[in-house]
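First comes the structure, then the notes that go with it.
Basis for what follows: all heavy atoms, side chains included, without hydrogens, waters or symmetry-related copies. For this chain, numbers begin at 1 and follow the sequence in order. No experiment lies behind these values; they were computed from the predicted model shown.
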Amino acid sequence: MTEHRTPYPVRVDGQFDPSTSRWLWLVKWLLLIPHYVVLFFLWIAFFFVSVVAFFAILITGRYPRPLFDFNVGVLRWTWRVYFYGYGALGTDRYPPFTLAAGVPGYAVDLDVAYPERLSRGLVLVKWWLLAIPHYIIVSVFIGGGVWLGSHESSGSGWNDSWMAGGGLVGLLVVIAAIVLLFSGRYPRPLFDFVLGMDRWALRVAAYAGLMTDRYPPFRLDQGGTDPGWVPAGPTPPAPLDAPTGAPPAPVAPAR
């Protein structure tokens with residue numbers, strides 16, 4: 001029986017790469033220095049954009065689309081770097097220097113469905129009050145010091161220090177790295193579990209960043225492809241009641 005999952009407007013994907021190098025993770029901290037420098041400035045911009053968006057939502061009920069796209073791009077860039085680095089060690093393909101979605105041939109991505117309207121009341125409380133239960137959980141996943149130290153009063157709730165790792169994710173990635181070093185294989189169940197925790201944290205980041213009013217589910221959606229994603233745009237038509245492959249209804253013979 002297939003488990004029913006309520007769609008959530010934040011998609012976090014990172015495809016499993018069985019050919020991951022057994023030793024490259026030892027130097028990824030060095031290879032990622034250019035990304036860390038860029039992300040430092042991107043997250044400063046994210047902070048100020050979030051402040052502007054906060055007042056725009058409070059006054060108009062809308063998140064200005066160019067500001068929204070920029071902040072989603074910062075989350076997307078951060079996720080690609082985190083996935084390549086010590087938040088997952090999920091791929092050896094170097095992250096692209098871009099905010100854009102859907103880089104051809106790169107199977108690590110993040111997207112957030114643009115909300116046409118946002119609550120002017122929720123914007124006052126969701127990023128600091130309503131999200132507290134999730135902050136506690138994410139602090140266990142990512143690391144209490146990193147998470148709580150990175151939380152900003154502006155409502156962004158996130159910065160590039162999240163990439164430092166720690167918590168349960170950091171511990172499991174260390175275990176995966178050791179297994180990878182000696183066996184040349186990344187245990188797939190471990191990868192799926194780490195991705196579930198990363199996905200949970202990024203959903204909370206988007207919610208705290210004022211990008212959606214949908215409260216993040218208390219659900220560990222594991223695996224590389226996000227099973228709880230609802231795409232942007234019009235709602236697709238409802239499926240037919242008849243199961244796939246069912247024979248067509250009988251047609252009355254012509255008289």
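- Between atom CG of residue Leu210 and atom OG of residue Ser119 there is a gap of 11.0 Å, rounded to the nearest 0.5 Å.
- In this structure, Val12 and Asp198 have side chains that are not in contact, with every pair of non-hydrogen atoms separated by 4.5 Å or more.
- Here the closest heavy-atom approach between residue Ala208 and residue Trp127 is recorded as O-CB, 3.3 Å.
- Side chain of Arg188 to backbone of Phe16: no donor-acceptor contact under 3.5 angstrom is found.
- Between Ile136 and Ser139, the shortest heavy-atom contact is O-OG, 2.5 Å.
- Taking CG of Leu42 as the start and CZ of Phe70 as the end, the distance is 5.5 Å to the nearest 0.5 Å.
- Considering Asp109, Leu75, Leu110 as possible partners of Arg80, the one that fulfils the side chain to side chain contact (heavy atoms under 4.5 Å, CB included) test is Asp109.
- If you take CG on Leu89 and CG on Asp17, they are separated by 11.5 Å, rounding to the nearest 0.5 Å.
- Ion pairing between a basic and an acidic side chain is recognised when a charged N comes within 4.0 Å of a carboxylate O; Asp213 and Arg117 show no such pairing.
- When side chains are defined from C-beta on, Tyr82 counts as touching Val169, because their heavy atoms get closer than 4.5 Å.
- With hydrophobic clusters built from ILVMFWY side chains whose heavy atoms lie under 4.5 angstrom apart, Phe68 does not share a cluster with Ile59.
- In terms of heavy atoms, Gln15 sits closest to Thr225 at NE2-OG1, 2.8 Å.
- Between Ala206 and Val112 the shortest heavy-atom distance is CB-CG2, 4.4 Å.
- Annotation: Phe55, atom CZ; neighbour count of heavy atoms from other residues, nucleotides and ligands within 6.0 Å does not exceed 12.
- Cluster annotation: Val27 is connected to Val81 through the hydrophobic network of ILVMFWY side chains, with a link wherever side-chain heavy atoms come within less than 4.5 Å.
- Cation-pi geometry between Lys28 and Tyr86 is not satisfied (NZ or CZ under 6.0 Å from the ring centre, within 45° of the ring normal).
- Using a 4.5 Å heavy-atom threshold, the side chains of His35 and Tyr84 count as separate.
- Side chain of Asp13 to backbone of Asp226: a donor-acceptor contact under 3.5 angstrom is found.
- With hydrogens and angles left out, the side-chain atoms of Asn71 and Tyr63 include a donor and acceptor closer than 3.5 Å.
- Interatomic distance, CD1 of Ile137 versus CH2 of Trp200, reported as 4.0 Å (0.5 Å rounding).
- Side chain of Asp111 to backbone of Arg11: no donor-acceptor contact under 3.5 angstrom is found.
- Rounded to the nearest 0.5 angstrom, Arg76 CZ and Leu202 CG are separated by 11.5 Å.
- In this structure, Met197 and Val138 have side chains that are not in contact, with every pair of non-hydrogen atoms separated by 4.5 Å or more.
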Check your understanding: Should Leu31 and Leu24 be marked as a side chain to side chain contact (heavy atoms under 4.5 Å, CB included) after you check the CA-CA gap, both sets of side-chain angles, and the distance that decides it?
Key -> CA-CA 10 Å; Leu31 301 177; Leu24 187 61; 4.0 Å; yes
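- Between Val49 and Val74 the shortest side-chain heavy-atom distance does not fall below 4.5 Å.
- Linking ILVMFWY side-chain heavy atoms closer than 4.5 Å, directly or via other members, places Tyr215 and Leu129 in a single hydrophobic cluster.
- Here the side chain of Trp25 pairs no donor or acceptor atom with the backbone of Ser21 at under 3.5 angstrom.
- Within 6.0 Å of atom CZ in Phe182, 12 or fewer heavy atoms from other residues, nucleotides or ligands are found, so the atom counts as exposed in its surroundings.
- Considering all non-hydrogen atoms of both residues, Phe83 and Val108 come closest at CD2-CG2, 3.3 Å.
- Within the 4.5 Å cutoff, side-chain heavy atoms of Arg203 are placed close to those of Arg219.
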Practice item. Check step by step if side chain to side chain contact (heavy atoms under 4.5 Å, CB included) holds for Phe40 and Ile44. Key: CA-CA 7 Å; Phe40 173 79; Ile44 292 175; 3.7 Å; yes
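- Residues Asp92 and Ser19 approach most closely at OD2-O, 4.1 Å, considering heavy atoms.
- Inter-residue side-chain proximity for Leu168 and Phe193 is flagged as met; some heavy-atom pair is nearer than 4.5 Å.
- Judged by the 6.0 Å distance and 45° axis criteria, Arg93 is not positioned over the aromatic ring of Tyr106.
- A donor-acceptor pair is defined here as one N or O able to donate and one able to accept, closer than 3.5 Å; such a pair exists between the side chain of Arg199 and the backbone of Asp221.
- Proximity of Tyr8 to Thr212: side-chain heavy atoms (C-beta onward) are separated by under 4.5 Å at one or more points.
- The ring of Trp43 has its center no closer than 6.0 angstrom to the ring center of Phe47.
- Atoms OG1 and CZ, from Thr78 and Phe46 in turn, are 8.0 Å apart once rounded to the nearest 0.5 Å.
- Between Phe191 and Tyr186, the two ring planes are perpendicular [angle over 60°; tilted spans 30° to 60°].
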